[in-house]
Number of protein chains: 2
Amino acid sequence: MTIPAPIVLVARSDYADAAEQFTAVQPPRLYSADEEIYAQGERADRLYRVEFGAVRVYRLLADGRRQISSFHLPGEVFGFEADAVHHFFADAIGLTGLRLMPRARAGEFTPEIVESALRCLVRTQEHLLVVGRQNAVERIAAFLVEIAERQGGLEQFDLPMSRTDIGDYLGLTIETVSRVFSRLRAQGIIKLVSLRTLKILKPGALKSLSE
Amino acid sequence: MTIPAPIVLVARSDYADAAEQFTAVQPPRLYSADEEIYAQGERADRLYRVEFGAVRVYRLLADGRRQISSFHLPGEVFGFEADAVHHFFADAIGLTGLRLMPRARAGEFTPEIVESALRCLVRTQEHLLVVGRQNAVERIAAFLVEIAERQGGLEQFDLPMSRTDIGDYLGLTIETVSRVFSRLRAQGIIKLVSLRTLKILKPGALKSLSE
DNA sequence: CGAACGCTTGAGCAAATTCAAGTGCGGTGG
DNA sequence: CCACCGCACTTGAATTTGCTCAAGCGTTCG
């Protein structure tokens, strides 16, 4: 089969503006802890970039069960939707600063933004493997490895989110999260400097637990 | 805060070509049952549109556990990756025809393709809720509703995939899938015309089971 | 200083998995 | 055309994992 020539999208000079909208000197919009950024059913006409703090994107069942589909840390872009309406909720975990950027239709994306969306897709698909096929210990290990890497690969870092958030991200209850943390601590694999500050003592052991 | 003007990407005349590459008269490439379409680690330089048949996209753990992140039915586009390398496997479920389309970098997408990718993202995130927070009955019900809708909303339709595939999509074992099918059948909610042909007798009941 | 909230820990339980037989359908060959 | 074979699926029993319910701890904040 013959491969046709690549498809090329060419930008107008708006491109430069697009990049600037995120790096502009204007201050980010502030959100306090647990403040809603958007809700399911709302009009989806913006993208967001995390300046500082952390964000959870989630969906709810009628009876209140919650699944967090992603956390977003500084530098990351979120808010992608297939049509004009949000299918998810998003809110700030702690005090958070976001840069807002308008979006209209799908074609009106810069290459970097499309790339962000694709990274988000791949990450979500990878997360599905964790939630669908790994046990509690593997899920927590994978989570810790992921967060450590996303925070720059340091062995000590802060968990911006609560145990409840972690459970709702990994499809576990808060009690199971707590028990696994305790077990990893007992095995000398991690150390809880404080409730929300974690130190990875045996990175190799943690990685092998996450498969 | 002032909202900057929308970003607009303007296409060259290549745009028309892009649409044509999928609808061209040349025959689709054929894949036999279980034939690999791409593998993890391979170079990702194409997109695929299903002409007929069905495709599974999945990931494996070292010990062979598998998570299918998506099924793709006729009309759907798949093969999106964040960088130049595939993070997943894809293969044909039965005899399948695919139209191939080259892709290079993320910016080189038509609006329709970007839209496809975003739909894929939303669908994956929604699937995460099913796998992370719903029980076996709810998962199967949600799966059947989803497949029925994607096949045009008919009450009778074929399941292109095996029970093993369904289990690996929903994060369940094949035995649990089978037991739930039997239970739904005993309750008169579904009827198995044959092993792979299913009729939904009580669509309302099924939908309420899927939450 | 006290209350509230987030977290931890324990005991019992339920849901889904594992292991182990069977069953039946579809395909192949006599 | 029928019988047989193999594989996918079904069903059952025992086991395990994670959940529910409940109590206690400790930190933080008013």
Side-chain angles (χ1 to χ4, degrees), chain A residues 32-34 54 56 61 63-68 93-95 130-144 158-187 190-198 209 211, chain B residues 32-34 54 56 61 63-67 93-95 130-144 158-187 190-198 209:
Chain A
S32 52
D34 298 322
R56 58 179 166 249
L61 288 172
D63 61 3
R65 281 175 288 177
R66 183 178 71 158
Q67 177 66 46
I68 294 179
I93 292 176
L95 177 66
V130 174
V131 171
R133 284 296 178 213
Q134 303 206 151
N135 64 31
V137 173
E138 292 169 336
R139 292 186 208 191
I140 297 284
F143 168 73
L144 293 179
D158 266 34
L159 294 173
M161 67 294 283
S162 69
R163 300 292 189 267
T164 304
D165 286 336
I166 297 172
D168 285 350
Y169 179 63
L170 297 174
L172 299 170
T173 59
I174 176 176
E175 293 96 331
T176 300
V177 172
S178 184
R179 276 185 254 271
V180 172
F181 268 64
S182 298
R183 195 160 5 147
L184 294 177
R185 200 171 28 138
Q187 293 174 311
I190 61 171
K191 177 183 174 183
L192 287 166
V193 179
S194 75
L195 267 183
R196 300 282 187 94
T197 308
L198 196 132
L209 280 180
E211 280 289 280
Chain B
S32 52
D34 299 322
R56 58 177 164 249
L61 288 172
D63 61 2
R65 281 175 289 177
R66 183 177 70 159
Q67 177 67 45
I93 292 177
L95 179 65
V130 174
V131 171
R133 283 297 178 211
Q134 302 205 152
N135 64 31
V137 174
E138 292 169 335
R139 291 185 211 191
I140 297 284
F143 169 72
L144 293 178
D158 267 34
L159 294 173
M161 66 294 285
S162 69
R163 302 290 189 267
T164 305
D165 287 336
I166 297 173
D168 285 350
Y169 178 63
L170 296 175
L172 299 171
T173 61
I174 177 177
E175 293 96 331
T176 300
V177 173
S178 185
R179 277 185 253 270
V180 172
F181 269 66
S182 300
R183 194 160 7 148
L184 294 177
R185 199 172 28 138
Q187 295 175 309
I190 62 171
K191 178 184 174 180
L192 288 167
V193 179
S194 76
L195 268 182
R196 299 282 186 96
T197 309
L198 196 132
L209 280 180

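Order of the sequence lines fixes the chain letters, A, B, ..., with proteins taken first and strands second; residue numbering starts at 1 for each chain. Treat the numbers as computed from the prediction; the structure is a model and nothing was measured.
In this structure, A:Ser178 does not reach the C:dC7 phosphate: none of its side-chain N or O atoms is under 4.0 Å from OP1 or OP2. In this structure, A:Thr173 does not reach the D:dT20 phosphate: none of its side-chain N or O atoms is under 4.0 Å from OP1 or OP2. In this model, the phosphate group of D:dG18 is not approached by any side-chain N or O of A:Thr176 to a distance below 4.0 Å at OP1 or OP2. Phosphate proximity of C:dC7 to A:Arg196: present, with a side-chain N or O under 4.0 Å from OP1 or OP2.
Between B:Arg185 and A:Val177, the one whose closest nucleotide on DNA chain D sits nearer the 5' end is B:Arg185. Place A:Leu195 and A:Arg179 on DNA chain C by their nearest nucleotides, and A:Leu195 ends up nearer the 5' end.
The closest side-chain heavy-atom distance from B:Thr164 to B:Arg66 is below 4.5 Å. Residues A:Gln134 and A:Glu211 are in side-chain contact: their nearest non-hydrogen atoms beyond the backbone lie under 4.5 Å apart. Looking at heavy atoms from C-beta onward, A:Val130 lies out of side-chain contact with A:Phe143 at the 4.5 angstrom threshold.
When the P atom of C:dT9 is taken as reference, atom CZ of A:Arg183 falls 12 Å away, rounded to whole Å. Rounding to whole angstrom units, CG of residue B:Asp34 and C1' of D:dA8 are separated by 13 Å. Spacing between atom CG of B:Leu159 and atom C1' of D:dA8 amounts to 14 Å, rounded to whole angstrom units. One interatomic measurement links the two molecules: CE of B:Met161 to C1' of D:dC7, which rounds to 19 Å at whole-angstrom precision. To the nearest angstrom, C1' of D:dT17 lies 16 Å from CG of B:Asn135. Atom P of nucleotide C:dT23 and atom CZ of B:Phe181 are separated by 22 Å, given to the nearest angstrom. Nucleotide D:dG18 holds its P atom 10 Å from the CD1 atom of A:Ile140, rounded to whole Å. Atom-to-atom, CD1 of B:Ile174 to C1' of C:dA20 comes out at 14 Å; the value is rounded to the nearest Å.
Nearest to the side chain of A:Ala136, among C:dC7, D:dG18, D:dC9, sits D:dG18.
Within 4.0 Å of B:Gly171, counting heavy atoms only, lie sugar-phosphate atoms of the nucleic acid but no base atom.
Distance check: A:Asp34 CG to A:Leu95 CG gives 11.5 Å after rounding to the nearest 0.5 Å. Atom CZ in B:Arg183 sits 9.5 Å away from atom CG in B:Leu209 (nearest 0.5 Å).
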